[in-house]
Amino acid sequence: DAAYVKYYSTEWSYEELVKNGETKKVLVETLPMMLPEPMIEKVGDKSPRELSHMPFFPVSADVLNKLDELLGKIKVSIE
């Protein structure tokens with residue numbers, strides 16, 4: 001039987017992305033300003049894509065696309 005494999009993307013919430021060591025590392029390298037704990041507590045239920053529309057989160061489409069490229073290489077492990 002074929003296993004269904006999912007990959008991470010900028011559509012995932014921050015809370016989900018920081019739970020995985022690999023995806024957290026990508027976030028730290030790409031969007032370090034969004035990783036302080038108080039920030040995650042406030043807007044952790046939102047995805048990087050959703051937040052890119054907010055005035056306090058000026059992230060370009062290029063950055064998000066690069067982030068998608070990096071996250072898209074990481075498989076979601078179902079536990």
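Keep in mind the model is a prediction, meaning the values are calculated, not measured.
Rounding to the nearest 0.5 Å gives a distance of 9.5 Å between CD of Glu11 and CG of Leu64. To the nearest 0.5 Å, the span separating NZ on Lys66 from CG on Leu71 amounts to 11.0 Å. In this structure, Glu29 CD and Lys24 NZ are separated by 13.0 Å, a value rounded to the nearest 0.5 Å.
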field: Step-by-step side-chain contact (heavy atoms from CB on, under 4.5 Å) determination, Leu67 to Val59
entry: CA-CA 11 Å; Leu67 187 55; Val59 175; over 6 Å; no

query: Checking side-chain hydrogen bond (donor to acceptor under 3.5 Å, both in side chains) for the pair Asp68/Thr10: CA distance, chi angles, key distance, verdict?
result: CA-CA 6 Å; Asp68 262 336; Thr10 55; 3.0 Å; yes

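Sorted by first and then second residue, the ring pair (Phe, Tyr, Trp, His ring centres under 6.0 Å) pairs with a member in residues 9-43 read Tyr8-Trp12; sequence neighbours excluded.
A heavy-atom distance below 4.5 Å is not found between the side chains of Val18 and Thr23. Residues Glu22 and Lys25 are not in side-chain contact: their nearest non-hydrogen atoms beyond the backbone lie 4.5 Å or more apart. Between Leu17 and Pro48 the shortest side-chain heavy-atom distance falls below 4.5 Å.
Summarising the geometry of Gly44 relative to Ser13, their closest heavy-atom pair is O-CB, 3.4 Å, with the distance given to 0.1 Å. Considering every non-hydrogen atom in both Tyr7 and Lys73, the closest pair reads CD2-C, 4.2 Å.
Between the side chain of Glu50 and the backbone N or O of Ser47, at least one donor-acceptor pair lies under 3.5 Å.
Partners of Asn65 by side chain to side chain donor-acceptor pair (under 3.5 Å), not counting sequence neighbours, listed by chain and number: Arg49.
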